[in-house]
Structures are given as structure tokens and as C-alpha cells.
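Working notes, beginning with the structure itself.
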Amino acid sequence: MTDRTIDGYAEQSDFPADDAEVVTPSDAVNLLKISRAVYVGASGNLSVEMANIGTAIVFTGVQAGSILPIRVSRINLTGTTAANIVALS
């Protein structure tokens with residue numbers, strides 16, 4: 001991973017997102033970068049692989065327009081019914 005700076009400061013995990021990736025849920029393909037947050041555009045369940053534990057967790061009933069402040073490596077196809085998902089990194 002490349003070190004990045006913002007206004008001369010080394011990037012920290014609590015810095016705001018400065019990149020985004022439209023997500024196609026997959027049970028095999030990871031995101032290009034670990035997310036800082038996940039935007040859900042259409043309500044439903046969201047099955048994710050958390051960045052540090054690699055275990056599938058399902059967020060049930062996520063409302064449209066929600067931004068979840070979670071660091072994930074993958075949005076799983078199995079268990080995800082939400083749509084219009086964007087990973088913010």
C-alpha cells in the first residue's frame with residue numbers, strides 16, 4: 001500500500017474518503033482498496049467481509065442512502081440484497 005499524505009499529514013484511518021468504487025457484490029473478488037465507509041443506495045441486507053477479521057457479517061435492513069462507517073475488503077453476493085453500493089476509500 002502506498003503511503004499518502006493530505007496537507008502534509010500522513011493519512012490516518014479516520015481521514016475522510018478521497019476515492020470511490022462502484023461495487024458489484026461477489027463471493028470471490030475483493031474490493032480494489034479496503035473501504036473507509038460503504039454507501040447503500042437501495043435498501044436491503046449487506047453481507048461484507050470485515051477488513052481485519054475476514055469473516056462474513058450481515059447488516060440487516062440497511063436503509064437507502066445510508067453510509068456505514070465500516071472498513072471492509074469485500075461485499076459478498078450471498079446475503080446481499082441491497083443495491084447501488086459504493087465503497088468509499
Side-chain angles (χ1 to χ4, degrees):
M1 175 181 280
T2 304
D3 290 333
R4 299 188 310 176
T5 61
I6 297 175
D7 294 332
Y9 295 95
E11 183 177 49
Q12 301 294 316
S13 62
D14 61 347
F15 279 17
D18 61 3
D19 200 0
E21 176 184 350
V22 174
V23 175
T24 300
S26 170
D27 292 333
V29 179
N30 286 346
L31 299 172
L32 296 175
K33 297 179 185 176
I34 291 177
S35 72
R36 292 177 181 275
V38 175
Y39 169 81
V40 176
S43 299
N45 298 338
L46 189 69
S47 175
V48 303
E49 297 284 332
M50 297 301 291
N52 288 334
I53 61 173
T55 301
I57 303 292
V58 178
F59 293 86
T60 305
V62 179
Q63 295 297 308
S66 295
I67 298 177
L68 303 176
I70 54 177
R71 296 181 54 80
V72 302
S73 57
R74 180 170 54 223
I75 308 292
N76 294 312
L77 178 60
T78 302
T80 294
T81 59
N84 303 328
I85 302 164
V86 178
L88 305 169
S89 58

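- A distance-only check finds no donor-acceptor pair linking the side chain of Asn45 to the backbone of Thr81 [under 3.5 Å].
- Ser73 places no side-chain N or O within donor-acceptor distance of the main-chain N or O of Ala51, the cut-off being under 3.5 Å.
- Taking hydrophobic clusters as Ile, Leu, Val, Met, Phe, Trp and Tyr residues chained together by side-chain heavy-atom distances below 4.5 Å, Ile34 does not share a cluster with Val38.
- Across all their heavy atoms, Ala82 and Ile85 have their closest contact at O-CD1, 3.8 Å.
- Counting only distance, with no hydrogens or angles, the side chain of Glu21 and the backbone of Leu31 share no donor-acceptor pair below 3.5 Å.
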Contacts under 3.5 angstrom, residues 55-65 side chains, donor-acceptor by atom type, not counting sequence neighbours:
residue : atom : partner : partner atom : Å
Thr55   : OG1  : Ile53   : O            : 3.3
Gln63   : NE2  : Gly61   : O            : 3.4

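- In this structure, Ser35 contributes its side chain and Val72 its backbone to a donor-acceptor pair below 3.5 Å.
- Taking hydrophobic clusters as Ile, Leu, Val, Met, Phe, Trp and Tyr residues chained together by side-chain heavy-atom distances below 4.5 Å, Val23 shares a cluster with Leu68.
- Apart from Tyr39 itself, the hydrophobic cluster it occupies contains Ile67, Val86, Leu88, where clustering links Ile, Leu, Val, Met, Phe, Trp and Tyr at side-chain heavy-atom distances under 4.5 Å.
- Put simply, the side chain of Met50 does not reach to within 4.5 Å of the side chain of Arg71, judged on heavy atoms.
- In terms of heavy atoms, Ala42 sits closest to Asn84 at CB-ND2, 3.9 Å.
- Listed by first and then second residue, the salt bridge (charged side-chain N to carboxylate O under 4.0 Å, His left out) pairs involving residues 46-63 are Glu49-Arg74 (not counting sequence neighbours).
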